[in-house]
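Please read the structure below before turning to the comments.
Only this structure's heavy atoms are used, side chains among them; waters, hydrogens and symmetry mates stay out. Lettering of chains follows the sequences in order, A, B, ..., and the numbering in each one begins at 1.
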Number of protein chains: 2
Amino acid sequence: MATLNRPGTAEGHVCGIDTAMEVIGGRWKVLLLWALHEQPCRRFGELRRLLPGITEKVLASHLRELEADGVVRRVSYDEVPPRVEYSLTEDGLRLNDALQPLAAWARERRSRQP
Amino acid sequence: MATLNRPGTAEGHVCGIDTAMEVIGGRWKVLLLWALHEQPCRRFGELRRLLPGITEKVLASHLRELEADGVVRRVSYDEVPPRVEYSLTEDGLRLNDALQPLAAWARERRSRQP
DNA sequence: CAGCATCCGTGTGGATACTG
DNA sequence: CAGTATCCACACGGATGCTG
């Protein structure tokens, strides 16, 4: 019988969905993507304020992971005080678009059972 | 400044996406949804074989959670040997449809960087 | 301001064995 | 066959303090 994932191959997923889950898997990642979608350029402290409850460590590590996955771009300006701006890459924009139906599903389901 | 989530309210998420993430958050859940989408009715052992690496405990708990979230339906037949069949609910079908763009995103991105 | 270093608690998931 | 029952490991996220 065919299987849905292929153990032994690092990224050999047949249906592809869990590859995406690896990118957005993380407590705050989809909210970060959303924040960077609403406004294309955000600073570290700004993102922190947008996500009450997130700690600096987790915010930093999430941003680094999203950057490593090629969906977030980090631009550091050589100034004092330091300024760093985060934005979505092209791939990140596409990912966010791909996330919209999921958000719509959640909204629609809540409107049915409030 | 407005925030993306509203701490203090259990399900008061503004953008809705992380509500969906709570449903599909789990190591194998999207694969389960996918399996039940490919073929509408699956048995426990069948699902276990489709997901090499999953343990019985995790499979059972994931199925129970998906059932509690109203996306999976469990039908138990009173037979010997026991037979239980799992299928997607209407809501589960819609969830799976909402997941397709995400899978497409992952596939498209892999085709660009193999 | 934008982080990193360190330590730590919890929960999710996993291994194994057993049952109706 | 379709699960429970235990026990356990470790990754993830969190709290706190310090730095360029």
Side-chain angles (χ1 to χ4, degrees), chain A residues 1 3-5 7-8 10 13 18 21-33 35-36 39 41-69 72-87, chain B residues 1 3-5 7-8 10 13 18 21-33 35-36 39 41-69 72-87:
Chain A
M1 188 193 293
T3 58
L4 294 183
N5 64 347
H13 306 296
D18 52 344
M21 293 302 294
E22 284 168 13
V23 176
I24 59 174
R27 176 75 178 79
W28 310 86
K29 286 189 182 174
V30 293
L31 291 176
L32 282 172
L33 293 175
L36 293 170
Q39 181 180 312
C41 228
R42 300 276 198 183
R43 301 185 58 177
F44 189 86
E46 199 175 356
L47 291 169
R48 187 175 41 179
R49 278 187 299 277
L50 281 167
L51 274 49
I54 196 172
T55 63
E56 294 175 345
K57 173 197 165 184
V58 172
L59 176 54
S61 71
H62 277 191
L63 285 170
R64 264 185 274 115
E65 288 168 15
L66 290 170
E67 191 191 359
D69 282 325
V72 160
R73 175 172 32 239
R74 192 194 113 116
V75 178
S76 173
Y77 297 88
D78 208 10
E79 301 175 357
V80 176
R83 181 163 64 103
V84 179
E85 290 185 342
Y86 296 92
S87 55
Chain B
M1 189 194 293
T3 58
L4 293 183
N5 64 347
H13 306 295
D18 51 344
M21 293 302 294
E22 285 168 15
V23 176
I24 59 174
R27 177 75 180 78
W28 310 87
K29 286 190 183 174
V30 294
L31 290 176
L32 282 172
L33 293 176
L36 293 170
Q39 182 180 313
C41 228
R42 299 277 199 185
R43 303 185 57 174
F44 189 88
E46 200 175 354
L47 291 169
R48 188 177 38 182
R49 277 187 299 276
L50 281 167
L51 274 49
I54 197 171
T55 63
E56 295 174 344
K57 173 199 163 183
V58 172
L59 176 54
S61 70
H62 277 189
L63 285 170
R64 263 185 274 115
E65 286 168 16
L66 290 170
E67 191 191 359
D69 282 326
V72 160
R73 176 174 29 243
R74 193 194 112 116
V75 178
S76 173
Y77 297 88
D78 207 10
E79 301 175 359
V80 176
R83 181 162 65 101
V84 178
E85 290 185 342
Y86 295 92
S87 54

Below 4.5 Å, heavy atoms only, C-beta onward: do A:Phe44 and A:Val84 meet side chain to side chain? no
So CZ of A:Arg42 and CG of A:Leu63: to nearest 0.5 Å the spacing works out to 12.5 Å
Heavy-atom nearest pair, A:Val23 first then A:Leu66, reads O-CD2, 3.9 Å
To the nearest angstrom, the NE2-P distance between B:His62 and C:dT12 comes to 9 Å
To the nearest angstrom, the CZ-C1' distance between A:Arg42 and C:dC1 comes to 17 Å
Contacts satisfying salt bridge (Lys or Arg N to Asp or Glu O under 4.0 Å) that involve residues 58-69 of chain B (not counting sequence neighbours) are B:Lys29-B:Glu65
By side chain to side chain contact (heavy atoms under 4.5 Å, CB included), A:Val58 pairs with (sequence neighbours left out) A:Trp28, A:Ile54, A:Thr55, A:His62
Restricting both atoms to N or O, compile the protein contacts to nucleotides 2-4 of chain C shorter than 3.5 Å, with distance only.
residue, atom, partner, partner atom, Å
C:dA2, OP1, A:Arg43, NE, 2.7
C:dA2, OP1, A:Arg43, NH2, 2.8
C:dA2, OP2, A:Gly45, N, 3.0
C:dG3, OP1, A:Arg74, NH1, 2.3
C:dG3, OP2, A:Tyr86, OH, 2.4
C:dG3, N7, A:Glu56, OE1, 3.2
C:dG3, O6, A:Glu56, OE1, 3.1
C:dC4, OP2, A:Arg64, NH2, 3.1

Axis-to-axis angle across the helix from C:dC1-D:dG20 to C:dG20-D:dC1, five pairs each end, nearest 10 degrees, ~ 60°
From CG of A:Leu59 across to C1' of C:dA5 the rounded distance in Å is 17 Å
- prompt: Are the side chains of B:Leu59 and B:Leu32 in touch, meaning some heavy atoms are under 4.5 Å apart?
  reply: yes
Would you check if A:Gln39 and A:Leu36 make a side-chain contact, meaning some heavy-atom pair closer than 4.5 Å? no
A:Met21 CE to C:dT12 P, in whole Å, measures 14 Å
Taken to the nearest 0.5 Å, the spacing of B:Leu31 CG from B:Leu47 CG works out to 11.0 Å
Sorted by chain and residue number, the side chain to side chain contact (heavy atoms under 4.5 Å, CB included) partners of A:Glu85 (sequence neighbours excluded) come out as A:Cys41, A:Arg43, A:Tyr77, A:Arg83
Chain B vs DNA chain D, heavy-atom contacts under 4.0 Å, first-to-last nucleotide span, 5' to 3', is D:dC1 to D:dC7
From CZ of A:Arg49 across to C1' of C:dC1 the rounded distance in Å is 10 Å
